[in-house]
Amino acid sequence: MAEETKASNFIRNIIDADLAANKFAGRRWSGQPGPAEQHKVSPGDTPKIRTRFPPEPNGYLHYGHAKSICLNFGLALDYEGVCHLRFDDTNPEKEEQEYVDSIVDAVKWLGFDWGPNLYYASNYFDWMYQFAEYLIESGNAYVDSQSADEMRASRGTLTEAGKASPYRNRPVAENLDLFRRMKAGEFADGAHVLRAKIDMTSGNINLRDPAIYRIKRATHHNTGDKWCLYPMYTYAHPIEDALENITHSICTLEFEDQRPFYDWLLEKLAQGGLLQRPLPQQIEFARLNLSYVVLSKRKLIQLVEEKHVDGWDDPRMPTLVGARRRGFTPEGFRRFAEMIGVAKADSWIDMSILEACMRDHLNETAERRIAVLDPIKLVIDNYPEEDEELCEAPNHPQHPELGKRPIPFSKELWIEREDFTENPPKGYFRLFPGNTVRLRYGYVIKCEGCTKDEAGNIKSVHCIYLPATRSGTPGADSVKVKGNIHWVSAKHSYAAEVRLYDRLFKVENPGSGGSDFIADLNPDSKRVITAQLEPALRDALAEERFQFERHGYFVADRVDSKPGTPVFNRAVTLKDSWAAKS
RNA sequence: UGGGGCUUCGCCAAGCUGGUUAAGGCACUGGAUUUUGAUUCCAGCAUACCCAGGUUCGAAUCCUGGAGCCCCAGCCA
């Protein structure tokens, strides 16, 4: 593949400048995350940059995470760096091993590799604790014994400064004693909290003595019951980055206000000789907003719990497990991330962009097959009853090397109901009485009419075929036709379950204007049908993706398919300029 | 006068150390190829950069003022 020049963005500009200034030249790396002391005698850190994807294992990854994953891992790849996968597991009440596993799977599925750099914030608890003691000793932290309510009240408001806690000037020795006893489990949850001592009058509320440690008796998925004291994200995250030698700590915009604290903390710790310089820098970018879907964790949970979808991996869910079942591809997501870019302006990406990226990749890679989704019988009146023959269909029109496969042809076929009409609208060039059309990879046929039941519903379409026009023979092009429709032989095709998925919501911005987003669900987001498929499809392997010609891209469902009877999910339709016009 | 951030084509988004015809992609519109109304190809698509002033020979880029939108008052992340 040709060398692509990556689109410039503000993060790449920062990295370019850092690299040009040789900012990271002095860093050491002991092979494992650790404080300054540990890295001190080690060799230089070879990767040019270190980024990280730091999910909290408290839910399933969604499309928004895909943007962040592609960004962090992609940057590492481009700059000969590495990207760590780090679980930010500082709140035992919300986190579970199940989520850790699913996150590992999802990032792997997207095609990224963290090598040996799989880490857990919870493995740094000892260091974090020591650093907290240092902060206390250096007069930068204190134990506050106010209740949560009192703390909230004294924090002030957006426009009024906060007031100092009565415990703010506790002597160092007392703070240290209290903090150690907090760790030892002498106090009830919520009795005390450790706070950074910064500025209660700051315009930035995050600097009004943020809480950095709370007492919480909960079993942690990784550390078990070792701790009853857990660090807050605010405190933990910068330290995690520093211990891991992260050069660029990329996060979303809502953490922008947190950056002054991030820098304050790391600077204090570095001054105390605890952390190696240069310190990591936090860079914020705009999170993904996608139309026709919701990405907030709360809403996703609601969809699952209220059973509006069939679980977290429902193909309609904007989760990565859902996308996988849907038939979306990792390459499609990476293309998407590349296409939407990264910037600081809040933006809304239309779902059609993601769909287009999936089509792009699927078009290149998916083999073609024939499926009649809404079958109606087509009878070829002048074709002998007992005859049958094999037609050949290429597996991919742009890739002849993928070979061909035989498709049985006979007197009675299934065609799409919408490929025939008695009263063609202007511009319609499929089947209607008197019109000729090609049966793809077969013969040209001339439509004679149709038969109906008593109610007037069309039962079968009748036609005659032109024997000399068989595809692949010299006479194939002797009759020019505009229309080209697909078909399967009724005698040889088989009925199979196919799920037609569509967008989960019927409006661009579900729940906008204060309405209930549930009311905006698309009632037709899932249709289960029985389709007539060409014989070759029986052999489809779970997760194998195909283009059903003239329909779209489908995947053999990875959970419901059984050997010999795959169930197909529609990932996305083909672009349809005829439907768009009419 | 609480703090922080953002504003370039319908949607993203380069550019921001002042001088380019204001990149590129998607969408859209033409046209060519095509046994998928698909794909591919080729062409078109901002005298205009939130607004108003100013500096300058010259401003999307610098200055001043204004408008709009987003985020922050968890012992969540």
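Per chain, numbering begins at 1; letters A, B, ... match sequence-line order.
Between A:Arg86 and A:Glu244, at least one side-chain nitrogen of the basic residue sits less than 4.0 Å from a carboxylate oxygen of the acidic one, meeting the salt-bridge criterion. Ion pairing between A:Arg369 and A:Glu367 holds under the 4.0 Å rule for side-chain N and carboxylate O. Under 4.0 Å is where a charged nitrogen must lie from a carboxylate oxygen, and between A:Arg550 and A:Glu416 no such pair does.
Within 4.0 Å of A:Ser8, counting heavy atoms only, lie sugar-phosphate atoms of the nucleic acid but no base atom. Note on A:Arg368: a base of the nucleic acid sits closer than 4.0 angstrom, heavy atoms only. Residue-level contact check: A:Thr90 touches the backbone only, with heavy atoms under 4.0 Å from sugar-phosphate atoms and none from bases. Within the nucleic acid shown, A:Glu364 has no heavy atom closer than 4.0 Å to any nucleic acid atom. At the heavy-atom level, A:Asn91 lies under 4.0 Å from the strands shown only through sugar-phosphate atoms. Nucleic acid contact class of A:Ile349 (heavy atoms, under 4.0 Å, all strands): sugar-phosphate only. Within the 4.0 angstrom heavy-atom criterion, only backbone atoms of the sugar-phosphate kind lie near A:Ala345; the bases stay farther away.
For the C1' atoms, the distance linking B:G18 with B:U56 amounts to 9 Å, nearest Å. B:A52 and B:A13 are spaced 27 Å apart, taking the C1' atom of each and rounding to whole Å. Atom P of B:G24 sits at a distance of 11 Å from the matching atom of B:A46, rounded to the whole Å.
In this model, the phosphate group of B:A73 is not approached by any side-chain N or O of A:Arg208 to a distance below 4.0 Å at OP1 or OP2.
Taking 3.5 Å as the limit, the base of B:G37 and the side chain of A:Arg430 contain a donor-acceptor pair of atoms between them.
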Q) Does the pair A:Phe554 and A:Phe548 meet the rule for a ring pair (Phe, Tyr, Trp, His ring centres under 6.0 Å), with working shown? A) CA-CA 7 Å; A:Phe554 291 72; A:Phe548 287 178; 4.2 Å; yes
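With its glycosidic angle more than 90° from 0, B:G25 is assigned anti.
Side chains of A:Glu508 and A:Ser291: no donor on one and acceptor on the other come within 3.5 Å.
Distance A:Asn206 CG to B:C72 P: 10 Å, rounded to the nearest Å.
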